[in-house]
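We count residues from 1, following the sequence as given.
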Amino acid sequence: MTGYDGEVWDPFGTLRHALWIGGGQWAGKSTVARLLAVQYGLTAYHYDYHDARAHNDRRIARRIELGEPSTEPDPDIVWVHPTPEDMAAQTLAGFPIRFEWALDDLRALVSGRPIIAEGWGLRPELVAPIIDSPRRMVVMVPTQEFRQHQLRALPRAAAFGHQVSDPTRAQQNRLARDRLVADEAVRTARRLGIRVIEVDGSRDAEVVANGIADHFAPYLPPPEPAHS
């Protein structure tokens with residue numbers, strides 16, 4: 001439990017010393033986290049990876065607890081029939097419980113250097129009660145043009161891994177949902193004084209990572225020595 005009242009169970013101090021990258025899908029969060037992890041000897045936690053794999057048993061258990069079928073819902077009900085607005089609202093409503101699962105993962109990590117945690121489910125309103133300064137977090141969001149570039153350039157961004165009756169509409173719904181969820185992260189971050197970085201593709205990942213390293217500078221150790 002976080003409690004959101006200043007009392008957060010953090011047995012090894014991992015959460016207090018973590019650095020956080022939230023924001024929209026396909027903004028380069030994972031790439032930046034990996035670059036910083038290598039450069040500064042940090043441990044990177046990739047929310048999307050854990051949420052899609054390690055948390056699935058907990059997701060099924062929660063469905064059963066709520067009296068819902070244990071199986072995944074009909075993909076058409078999830079991706080084709082609802083409006084993007086309804087999809088975004090449902091996604092945002094589910095983030096708090098999924099965040100608790102991520103915190104459980106992070107609490108188990110012990111490191112002499114900060115953990116850098118990244119993922120779209122690391123929402124500003126959920127992270128803010130844990131951190132001692134807004135400077136421990138950034139929110140990365142792609143511009144609409146860069147989002148379209150990512151869809152063209154990254155097969156995994158364009159892939160839709162569900163069998164649905166109307167793949168075109170499902171994909172359009174997903175993209176519109178992702179934009180709405182990202183827009184909400186931006187609004188919340190700005191309200192909380194958390195830095196927002198718009199990624200438009202004009203700077204490569206290393207340049208973006210260096211800028212974020214400057215932002216995180218008070219909490220970063222010296223860079224790892226380069227190996228020849």
Residue set satisfying salt bridge (Lys or Arg N to Asp or Glu O under 4.0 Å) with Arg62, at least two apart, ordered chain then number -> none
For Gln144 and Arg147, which I'm curious about, is there any donor-acceptor pair between the side chains at under 3.5 Å? yes
If you group Ile, Leu, Val, Met, Phe, Trp and Tyr by side-chain heavy-atom gaps below 4.5 Å, do Val186 and Leu92 land in one group? yes
Residue pairs passing the salt bridge (charged side-chain N to carboxylate O under 4.0 Å, His left out) test where at least one lies in residues 73-96, sequence neighbours excluded: none
Any ring-ring contact (aromatic ring centres under 6.0 Å, His included) pairs touching residues 103-126, not counting sequence neighbours? Phe95-Trp120
Please list, chain by chain and in numerical order, all residues satisfying ring pair (Phe, Tyr, Trp, His ring centres under 6.0 Å) with His81, sequence neighbours excluded. none
Quick one about Gln171 and Arg174 (side-chain donor to acceptor, distance below 3.5 Å, no hydrogens or angles considered), yes or no? yes
Of all pairs that satisfy salt bridge (charged side-chain N to carboxylate O under 4.0 Å, His left out), the ones with a partner from residues 179-202, not counting sequence neighbours: Arg179-Asp183, Glu184-Arg187
List, one per line, each side-chain donor-acceptor pair under 3.5 Å for residues 39-49, sequence neighbours excluded.
from  : atom 1 : to     : atom 2 : distance (Å)
Tyr45 : OH     : Asp105 : OD2    : 2.6
His46 : ND1    : Glu118 : OE2    : 2.6
Tyr47 : OH     : Arg98  : NE     : 3.4

By salt bridge (Lys or Arg N to Asp or Glu O under 4.0 Å), which residues pair with Arg135, not counting sequence neighbours? none
According to the salt bridge (charged side-chain N to carboxylate O under 4.0 Å, His left out) rule, which pairs have a member within residues 202-221, sequence neighbours left out? none
Linking I/L/V/M/F/W/Y whenever any side-chain heavy atoms sit under 4.5 Å apart, do Ile130 and Leu106 land together? yes
Residues two or more places apart in sequence or in another chain: which of them pass ring pair (Phe, Tyr, Trp, His ring centres under 6.0 Å) with Tyr219? none
Closest heavy-atom pair and its distance - Ala27, Val199: O-CG2, 3.5 Å
Name all residues meeting the ring pair (Phe, Tyr, Trp, His ring centres under 6.0 Å) criterion together with Trp20; count only those two or more places apart in sequence or in a different chain, and write none if there are none. none
Output yes when a side-chain donor or acceptor of Arg63 lies under 3.5 Å from a complementary backbone atom of Ser70, and no otherwise. yes
Looking at Thr31 and Ala205, what are the two nearest heavy atoms and their distance? CG2-CB, 3.7 Å
Check ion pair Glu100-Arg58 (N to O, under 4.0 angstrom): no
Partners of His55 by ring pair (Phe, Tyr, Trp, His ring centres under 6.0 Å), sequence neighbours excluded? Trp101
When hydrophobic residues are tied together by side-chain contacts of less than 4.5 Å, even through go-betweens, does Ile212 share a cluster with Leu35? no
Per the ring-ring contact (aromatic ring centres under 6.0 Å, His included) rule, what does the pair list look like for residues 177-212, sequence neighbours excluded? none
